[in-house]
Amino acid sequence: MKHLSFKKGIHPKYHKELTNAKPIELLLPKEELVYPMQQHIGSPCKPLVKKGDRVLVGQKIGEPTGFVGAPIHSSVSGTVKVVEERVNHQGHLVMCVVVTNDFTYEEILELKDGGVEDYTKLTSEEIVAIIKEAGLVGMGGATFPTFIKLSPPKDKVIKHIIVNGAECEPYLTSDHRVMLEEGERIIAGLKILLHMFKDATAFVGIEDNKMDAVENMSRLCEKESKIEVKVLETKYPQGSEKHLIYATTGLEVPSGKLPADVGAIVLNVDSIVAIWRAVTKGRPIMRRIVTVTGNGVKNPTNFKIRLGMSFRDVLEAAGWDEQATVKVISGGPMMGAALSSVDVPIGKGTSAILCLTEDEVDATPTSNCIRCGKCIQACPMRLVPNALHHAALHHEDDEFKAYYGMDCIECGSCSYVCPAKRQLVQSIRTAKNRVRQK
């Protein structure tokens, strides 16, 4: 059977064998946890606590200052050590609440009482309010507030709820393990969404390099008339929102439009589990699954960790070889961000920590573009990356927009195939930010 896919794209080496058979391990935090007040796309949160305050597990410690935002909750109980600006994993100074863990993990009363017993008695608006208050964001790394995604304009009829189980980034396997170990929760979360969107059917898109996950999710869907597993070709960036919609439904999202414009909503595997936890258990986002991998760690692992832990603590738990590591990346090698320090906190969008050794990093210097066209052949958005790169470097923003540069999804396919090693995606990203600021 031909597996579903999209046009163009690339086939990098995946290296998933390092952790795809490793069950999720629980990793408890150490003494200090740091909670950045911006762990989402949108406005930062304002701290709701001050130095000396005692906080409990599940307590809201950050409140959004704008519509596009998500509250921050403490993942431990303890005392607020300080509220101050600190550097996050992107190298930006952000306001942070620092909590000293007392290791009792005392929870707020609302968590002890649990969530809603029968969500079918709730309206869609009431479920969205629960998800908003729980601080849910896209767990695949984009960190877009989930409540906005689940509140499409009234004239947009949602017919397709698509679960992104592609996990197309090399090295990453956390979603794979969730589909194997928490598949029942994915189905339960989907049922909540199908209750909200009565006209919709659900698809779980999984690449064919995870056939054990395909088999497990298919088994769980056998009695579900409105949920179906779609087997996808293993190709990067199969997990991109627009490309996943095309692969599973055949619908194309036009330039400048959103998935809701074609009647679709796309959510990450762990985001679906988070919805189930928020609605049925009353639990906000306080934990996530993180793949720690690469030849720079002795024990590549999938960890379940509490937010606020430092990258260093998680790396050390995986047997980090600091001397052998030449680059540490938050996320995958294609779209992740290289870290300048590992003494920074893990947030809602941290899907992986990748430790690369010298033999895993291509340090070939850049050279002049030879007009080979490989970047054009690879671009899944069917853009002209070399022309966008030229416009970006020369600050020709009108030309950049004329070449549909704002449609670039920054997947890095162009940079990956470029024989001249041009920094294509980096220059395009910079140009996009410049255009937005204007």
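None of the values given here were measured: they were computed from a predicted structure.
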Assess, by modelled atom type and distance only, whether the side chains of [X] and [Y] contain a donor and an acceptor separated by less than 3.5 Å.
{"X": "T19", "Y": "T291", "answer": "no"}
{"X": "K421", "Y": "T364", "answer": "no"}
{"X": "H195", "Y": "T120", "answer": "no"}

Rounded distance [0.5 Å steps], [atom1] in [X] versus [atom2] in [Y]:
{"X": "L393", "Y": "Q423", "atom1": "CG", "atom2": "CD", "answer": "10.5 Å"}
{"X": "I353", "Y": "R312", "atom1": "CD1", "atom2": "CZ", "answer": "11.5 Å"}
{"X": "K191", "Y": "T280", "atom1": "NZ", "atom2": "OG1", "answer": "12.5 Å"}
{"X": "C418", "Y": "H389", "atom1": "SG", "atom2": "NE2", "answer": "7.5 Å"}
{"X": "I305", "Y": "L28", "atom1": "CD1", "atom2": "CG", "answer": "11.0 Å"}

Short side-chain to backbone donor-acceptor contact, [X] and [Y], under 3.5 Å:
{"X": "T173", "Y": "H176", "answer": "no"}
{"X": "T234", "Y": "N209", "answer": "yes"}
{"X": "D53", "Y": "K50", "answer": "yes"}
{"X": "E207", "Y": "K235", "answer": "yes"}
{"X": "N164", "Y": "G239", "answer": "yes"}
{"X": "T357", "Y": "A324", "answer": "no"}
{"X": "K304", "Y": "I24", "answer": "no"}
{"X": "Q59", "Y": "I108", "answer": "no"}
{"X": "S271", "Y": "M139", "answer": "yes"}
{"X": "K51", "Y": "V80", "answer": "no"}

Contact summary for [X] and [Y], nearest pair of heavy atoms:
{"X": "G347", "Y": "L307", "answer": "O-CD2, 3.6 Å"}
{"X": "H89", "Y": "L339", "answer": "O-CD2, 3.2 Å"}
{"X": "H73", "Y": "G135", "answer": "CE1-N, 4.1 Å"}
{"X": "V231", "Y": "M211", "answer": "CG1-SD, 4.4 Å"}
{"X": "W276", "Y": "I192", "answer": "CA-CD1, 4.0 Å"}
{"X": "C355", "Y": "L315", "answer": "SG-CD2, 3.2 Å"}

Would you say the side chain of [Y] lies within less than 4.5 Å of the side chain of [X], judging by non-hydrogen atoms?
{"X": "I162", "Y": "T249", "result": "yes"}
{"X": "M381", "Y": "C411", "result": "no"}
{"X": "F6", "Y": "K242", "result": "no"}
{"X": "L424", "Y": "L388", "result": "no"}
{"X": "S415", "Y": "Q426", "result": "yes"}
{"X": "I72", "Y": "M37", "result": "yes"}
{"X": "Q38", "Y": "H92", "result": "no"}

Strictly below 4.0 Å, N to O, side chains only: are [X] and [Y] in salt-bridge contact?
{"X": "R54", "Y": "D102", "value": "yes"}
{"X": "K348", "Y": "D270", "value": "no"}
{"X": "K121", "Y": "E126", "value": "no"}
{"X": "R277", "Y": "E182", "value": "no"}
{"X": "K13", "Y": "E360", "value": "no"}

Inset, instruction - Applying side-chain contact (heavy atoms from CB on, under 4.5 Å), name anything that partners S240, two or more places apart in sequence or on another chain. - result: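 S240: side-chain contact (heavy atoms from CB on, under 4.5 Å) contacts with P237, H243, I409.
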Legend entry - side-chain contact (heavy atoms from CB on, under 4.5 Å) partners of C221, counting only residues at least two apart: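 So C221 forms a side-chain contact (heavy atoms from CB on, under 4.5 Å) with I187, I227, V229.
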Inset, instruction - Tell me, with the steps shown, if E316 and K30 meet salt bridge (Lys or Arg N to Asp or Glu O under 4.0 Å). - result: CA-CA 12 Å; E316 289 177 350; K30 293 186 178 180; 3.6 Å; yes
Inset, instruction - Give me the one residue out of V34, V94, V344 that meets side chain to side chain contact (heavy atoms under 4.5 Å, CB included) with N88. - result: V94
Legend entry - From CA spacing to verdict: salt bridge (Lys or Arg N to Asp or Glu O under 4.0 Å), K81, E32: CA-CA 9 Å; K81 180 180 178 180; E32 183 177 280; 2.8 Å; yes
Inset, instruction - Check the angle between the aromatic planes of F67 and F147 and answer parallel, tilted or perpendicular using the 30° and 60° thresholds. - result: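 Plane angle over 60°, so perpendicular.
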Legend entry - Chi angles and distances behind the side chain to side chain contact (heavy atoms under 4.5 Å, CB included) call for E17, H15: CA-CA 5 Å; E17 69 283 353; H15 303 289; 4.2 Å; yes
Inset, instruction - State whether F144 and K149 meet the cation-pi test: NZ (Lys) or CZ (Arg) under 6.0 Å from the six-membered ring centroid, and within 45° of the perpendicular axis. - result: no
